[in-house]
Amino acid sequence: MIKKELSLIIDEAIKKVIRNCGVKDIKAPQYNVEVPPGNIGADYATNAAMVLAPVLKKSPFLIAEEITAEVSGNKEFFKAVEFVKPGFINFHINENVFYNEVARILKEGEDYGRQDMGKKKKVMIEFVSANPTGPFHVGHGRGAALGDSLANIMKALNYNVVKEYYVNDMGNQIDLLADSLLCVYDNKDVPPGGYEGNYLKEICKNNKDFIRDNRSNREVIRKFVVDEMLERYATKDLVDFGLFFDNWFYESSLYKENKAGKNEADVALDKLRANKHVYEMDGALWFRSTGFADDKDRVVIRKDGTRTYLASDIAYHHNKFERGFETVINIWGADHHGYIDRVKGAISGLGYDSEKLKILLYQLVNLTREGKPVVMSKRKADYVTLRQVIDEVGSDACRFFYLMRNANTPLDFDLELAKKQSQENPVYYVQYAYARICSIFREAKKMGIKFTLKGNLNLLKEPEELTIIKKLSSYPDLLLYCCKTLEPHHLTGYMQDLVGVFHSYYMKHRVLGDDRELTESRLMLASALQTVVRNSLKMLGISTPEEM
RNA sequence: GCGCCCAUAGUUCAGUUGGAUAGAACGUCAGGUUGCGGACCUGAAGGUCGUCAGUUCGAAUCUGACUGGGCGUGCCA
């Protein structure tokens with residue numbers, strides 16, 4: 001928020017400087033406002049003068065001087081403004097501005113950080129969407145953590161977010177799953193490439209009569225096994241991960257016929273056909289994706305008349321845009337990256353703006369145990385599942401670890417580290433700080449100190465206190481940044497920093513002291529800190545234990 | 001072959017879109033507690049940002065060429 005106010009002040013100054021130059025029709029270029037390196041000692045800095053220099057055809061140093069002159073009259077906001085060598089302008093903000101921000105945190109509480117960036121725009125985030133042919137693996141967990149925290153962040157920024165899971169309940173894989181189920185039921189070997197996990201045995205055991213009575217009806221068996229798998233794994237595992245989808249979208253619903261005998265898949269294909277983006281060749285129907293930067297055209301209807309996966313995806317994305325989403329975010333494992341061009345191509349071919357589809361790819365997750373890789377063999381069905389990881393390390397640690405790294409770099413997930421209850425483990429480091437703050441309030445209560453919001457924040461003069469306050473103040477900016485980049489992982493880094501300065505502070509200064517007035521002020525600071533830690537962890541879907 | 005991603009301290013990684021002396025954590029070494037939770041804190045050592053060229057006031061960041069790694073390249077899903 002402080003950064004936003006500062007930006008407005010700089011904007012005003014720039015306008016005046018441009019006007020004074022007598023140049024007309026000049027748009028102020030994008031400039032940065034950021035926290036400069038520690039050795040500079042300023043609260044914020046801007047490169048505005050330097051990016052303005054080529055536009056105004058003037059030396060950056062002179063422009064910096066003019067901006068500084070415009071701005072430095074504002075004694076309410078600035079303690080000092082200075083400009084230095086290449087043309088940076090450094091701002092020293094008045095302490096009162098920071099104290100006001102603390103007051104704001106205390107006032108807004110769990111709403112602190114909320115901003116109207118989205119203006120209620122409709123956004124869909126589709127993620128996980130794993131085939132219901134087996135348990136989730138650790139990669140799905142990464143997608144789940146990413147999508148859910150991104151949704152939380154965007155909701156806080158006033159986007160109207162829908163979280164959706166696309167259920168592939170059709171096609172070869174599902175046929176194979178149904179066949180495998182019947183083989184397991186008959187105690188026969190599953191067909192080549194089939195599924196032999198224990199989960200099928202369990203489903204058979206619990207549903208003997210149903211399978212016996214319906215085994216000849218393939219349609220029924222297919223639907224049955226998909227529902228069983230979703231029930232057994234998807235819903236249950238995701239609930240334990242604290243993740244709830246707003247909508248489960250079934251692929252098969254794209255093929256339900258309306259009164260005119262058409263289904264959504266046909267409608268979408270007709271649209272492509274009308275736009276001349278499909279053609280027939282070798283008895284198959286092709287989508288001319290080479291017209292949209294794909295390197296090869298793609299089959300949508302095979303020569304045997306069946307549809308490819310792409311046919312459904314075209315219809316599904318058509319459906320998404322028909323539902324009026326202004327932004328559609330898909331979260332995919334990086335192994336699907338080859339698929340991006342054709343889906344984007346299809347969206348363009350259907351007449352929509354493919355820029356509105358944002359695809360967030362995440363790289364592989366490697367499980368390790370004390371540095372050594374955990375062997376995962378999918379075929380034998382003894383690989384480590386998301387369920388096993390949640391059971392072993394807990395949902396909180398699991399989510400934090402997933403969100404510690406940028407999505408586009410492979411993630412090493414160390415199970416032993418995630419379980420450790422020590423400073424090596426960043427989750428505990430953060431949650432411990434929260435518990436510690438809670439403990440201060442418990443102690444205060446015991447001592448009969450009543451917490452009030454009426455304390456005098458001006459008493460928070462220690463450098464560590466100001467460091468904490470500045471860090472707290474940057475939380476709203478951080479949310480904007482995470483949203484803009486679609487990168488929630490910045491939050492985990494922020495939390496470690498924030499909590500780190502608190503631990504130092506705690507070591508050096510007492511919150512509950514003899515000075516009653518000072519104690520009140522420090523309790524207010526502790527409360528603000530508690531709020532921001534809680535809000536941040538909430539964005540990540542991580543709990544805030546008051547005791548550990 | 002072509003396409004996408006990656007390469008930063010011993011290790012795992014940040015790095016706010018081109019800014020000032022490149023930051024953390026872990027590990028290593030040296031310290032710290034009559035007190036609100038030591039599951040914590042303080043300090044030190046540790047770097048040719050894979051290599052080479054280019055773009056400009058200024059590059060870890062942008063461009064090109066290499067080197068090394070991951071993934072993809074189905075009328076599979």
- Message: Using a 4.0 Å heavy-atom cut-off, does A:H489 contact any base of the nucleic acid, only the sugar-phosphate backbone, or nothing at all?
- Response: sugar-phosphate

- Task: Taking only the side-chain heavy atoms of A:V299 (C-beta and beyond), determine which of B:C75, B:C41, B:A14 contains the nearest atom.
- Result: B:C75

- Message: Give me the distance, rounded to whole Å, that separates B:G18 from B:A60 when you measure between the C1' atoms they each carry.
- Response: 11 Å

- Query: Across the strands shown, which category fits A:K508 at heavy-atom distances under 4.0 angstrom: base, sugar-phosphate, nothing?
  - Reply: nothing

- Task: Indicate, with a heavy-atom threshold strictly under 4.0 Å, whether A:V84 touches base, sugar-phosphate, or nothing.
- Result: base

- Message: With the six-membered base ring of B:A20 as reference, does the ring of A:F88 sit under 5.5 Å away with planes under 30° apart?
- Response: yes

- Message: Check A:K470 with A:D43, please: is the shortest side-chain N to carboxylate O separation under 4.0 Å?
- Response: yes

- Item | Nearest-neighbour nucleotide for the A:K3 side chain, B:A77, B:C13, B:U16 considered | B:U16

- Task: Would you please indicate yes or no on a ring centroid separation below 6.0 angstrom for A:F413 and A:Y402?
- Result: yes

- Item | A:F83-A:F61 aromatic ring centre distance below 6.0 Å | yes

- Please work out if A:Q30 contacts a base, only the sugar-phosphate, or nothing of the nucleic acid, heavy-atom cut-off 4.0 Å. nothing

- Message: Regarding A:D169, tell me which of base, sugar-phosphate or nothing describes its non-hydrogen contacts under 4.0 Å with the strands shown.
- Response: nothing

- Item | Minimum-distance nucleotide (side-chain atoms of A:H490 versus B:C75, B:A24, B:A14) | B:A14

- Nucleotide nearest A:E487 (side chain, heavy atoms from C-beta), chosen from B:G74, B:G15, B:A20: B:G15

- So what does A:N47 touch, heavy atoms closer than 4.0 Å: a base, only the sugar-phosphate, or nothing? base

- Across the strands shown, which category fits A:T485 at heavy-atom distances under 4.0 angstrom: base, sugar-phosphate, nothing? base

- For the side chain of A:S504, starting at C-beta, report the closest nucleotide among B:U42, B:G37, B:C75. B:U42

- Query: Given the side-chain rings of A:Y429 and A:H503, with only the six-membered ring counted for Trp, is the space between their centroids under 6.0 Å?
  - Reply: yes

- Message: Closest approach to the side chain of A:R298, judged atom by atom: which nucleotide of B:G74, B:C75, B:G32 is it?
- Response: B:G74

- Message: Base, sugar-phosphate or nothing for A:A435? Non-hydrogen atoms, less than 4.0 Å.
- Response: base

- Query: For A:A444, which contact category applies under a 4.0 Å heavy-atom criterion: base, sugar-phosphate, or nothing?
  - Reply: nothing

- Message: By a 5.5 angstrom centroid cut-off and a 30 degree plane limit, is there stacking between A:Y506 and B:C36?
- Response: yes

- Proximal nucleotide (of B:C36, B:C40, B:A14) relative to the A:S439 side chain: B:C36

- Message: By the 4.0 Å heavy-atom rule, please label A:D295 as base, sugar-phosphate, or nothing.
- Response: nothing

- Task: Check whether the ring centres of A:Y166 and A:Y316 lie less than 6.0 Å apart, and answer yes or no.
- Result: yes

- Select from A:G171 and A:L411 the residue whose nearest nucleotide in RNA chain B is closer to the 5' end of that strand. A:L411

- Message: Determine whether a donor-acceptor pair (one donor, one acceptor, N or O, separation below 3.5 Å) exists between the side chain of A:H337 and the base of B:C71.
- Response: yes

- Message: Taking donor-acceptor contacts at under 3.5 Å, does the side chain of A:D175 reach the base of B:A77?
- Response: no

- Task: Could you tell me whether A:D335 contacts a base, only the sugar-phosphate backbone, or nothing, with contacts defined as non-hydrogen atoms closer than 4.0 Å?
- Result: sugar-phosphate

- Touch class at under 4.0 angstrom, heavy-atom based, for A:N32 against every strand present: sugar-phosphate

- Task: Kindly state which residues belonging to residues 338-347 of chain A come within less than 4.0 angstrom of RNA chain B, counting heavy atoms of the residue only, listed by number.
- Result: A:G338, A:Y339

- Item | Identified side-chain contact (heavy atoms from CB on, under 4.5 Å) counterpart of A:F91 within the set A:I10, A:V33, A:I9 | A:I10

- Task: Evaluate the ring planes of A:F441 and A:F451, with Trp represented by its six-membered ring, and classify them as parallel (under 30°), tilted (30 to 60°) or perpendicular (over 60°).
- Result: perpendicular

- Query: Quick one, which residues of residues 474-481 of chain A touch RNA chain B with a heavy atom under 4.0 Å?
  - Reply: A:Y481

- Can you say whether the rings of A:H509 and A:Y505 are parallel (under 30°), tilted (30 to 60°) or perpendicular (over 60°)? tilted

